[in-house]
Amino acid sequence: SSRVLWTLAVTQLDKQIAKDAPLMLDVANSEALARFHTVLDALGSLGVPYRVSPRLVRGLDYYSHTCFEFVTESLGAQGTVLAGGRYDALSETLGGPSVPGIGWAAGVERLTLLVPDAIVPKP
C-alpha cells in the first residue's frame with residue numbers, strides 16, 4: 001500500500017540523516033547519560049546480553065531517552081522481532097495529559113518462525 005511505501009521512504013531518509021549525524025552518546029547531556037548507563041547496568045545485572053547501536057533509527061520521533069530492538073540473526077534482513085521505547089511526551093503530543101510511559105510491539109509472525117517445530121509444528 002502507499003502507507004507502507006511512505007513508511008519505508010521515511011525510514012530510509014531517517015537512516016541517511018542518522019548516518020551523517022553526530023552519535024547520540026557524544027552529544028547527550030549528563031542526565032541522559034546517567035539514565036542510559038542505569039539501563040545498561042540493569043541489563044547486565046539481569047544477565048541480558050545487549051549491543052549498543054549508536055545509530056539505531058526506529059523511524060518514529062516520539063521516543064525519549066531509550067529505544068530498543070530485539071533482533072535475531074536467524075531471520076536474515078527481517079531480524080527485528082520486538083521493538084519499542086520510552087515515550088515521555090507522547091500523550092501530550094496527542095492532546096492528553098502528561099503521562100510518561102514505555103511501550104513495545106512484536107512481530108508475531110516473526111516470533112513464530114523462531115519457535116522450534118518440536119514445540120509448535122509448522123503447517
Side-chain angles (χ1 to χ4, degrees):
S1 82
S2 61
R3 185 170 192 267
V4 170
L5 291 175
W6 172 252
T7 301
L8 290 173
V10 169
T11 301
Q12 289 306 314
L13 179 61
D14 285 348
K15 287 180 181 179
Q16 183 61 40
I17 292 168
K19 184 181 82 158
D20 299 326
L23 298 177
M24 293 302 293
L25 295 177
D26 292 342
V27 296
N29 64 29
S30 59
E31 178 188 347
L33 286 172
R35 187 184 299 249
F36 178 72
H37 289 290
T38 298
V39 171
L40 296 185
D41 290 346
L43 291 172
S45 294
L46 294 169
V48 176
Y50 64 86
R51 182 186 66 181
V52 175
S53 298
R55 297 204 186 278
L56 177 64
V57 175
R58 289 289 315 134
L60 302 169
D61 62 356
Y62 49 73
Y63 291 113
S64 53
H65 294 288
T66 307
C67 63
F68 57 86
E69 294 181 335
F70 285 78
V71 180
T72 180
E73 294 178 359
S74 301
L75 300 177
Q78 299 295 315
T80 300
V81 294
L82 184 145
R86 183 179 172 100
Y87 319 102
D88 284 349
L90 180 59
S91 180
E92 288 175 280
T93 301
L94 299 173
S98 175
V99 182
I102 188 166
W104 57 272
V108 175
E109 71 288 348
R110 293 179 190 178
L111 289 171
T112 59
L113 293 172
L114 298 173
V115 176
D117 287 341
I119 296 172
V120 178
K122 301 220 180 356

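- Side-chain N or O atoms of Ser91 include none that pairs as donor or acceptor with a backbone N or O of Val99 at under 3.5 Å.
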For this session: Before giving the answer on side chain to side chain contact (heavy atoms under 4.5 Å, CB included), spell out for Phe36 and Val52 the whole-Å C-alpha distance, their side-chain angles and the decisive distance to 0.1 Å.
Result: CA-CA 10 Å; Phe36 178 72; Val52 175; 3.9 Å; yes
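- Across all their heavy atoms, Gly44 and Tyr50 have their closest contact at N-CE2, 4.4 Å.
- From Leu25, atom CG reaches atom NE2 of His37 across 6.5 Å, with rounding to the nearest 0.5 Å.
- Minimum heavy-atom separation, Trp104 to Phe68: CB-CZ, 4.0 Å.
- Considering CD1 of Ile102 and CG of Leu90, their distance stands at 12.5 Å, rounded to 0.5 Å.
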For this session: Take Leu111 and Phe70 through the side chain to side chain contact (heavy atoms under 4.5 Å, CB included) test and state the conclusion after the steps.
Result: CA-CA 11 Å; Leu111 289 171; Phe70 285 78; over 6 Å; no
For this session: Under the side chain to side chain contact (heavy atoms under 4.5 Å, CB included) rule, what do Glu109 and Gln78 come out as? Steps first, then yes or no, please.
Result: CA-CA 11 Å; Glu109 71 288 348; Gln78 299 295 315; over 6 Å; no
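- Here Arg86 contributes atom CZ and His65 contributes atom NE2; the two are 6.0 Å apart, rounded to the nearest 0.5 Å.
- A chain of hydrophobic side-chain contacts below 4.5 Å, direct or via other Ile, Leu, Val, Met, Phe, Trp or Tyr residues, connects Leu94 to Tyr87.
- Inter-residue side-chain proximity for Leu82 and Arg110 is flagged as unmet; no heavy-atom pair is nearer than 4.5 Å.
- A continuous path of Ile, Leu, Val, Met, Phe, Trp and Tyr side chains, each step under 4.5 Å between heavy atoms, connects Val48 with Leu40, placing both in one hydrophobic cluster.
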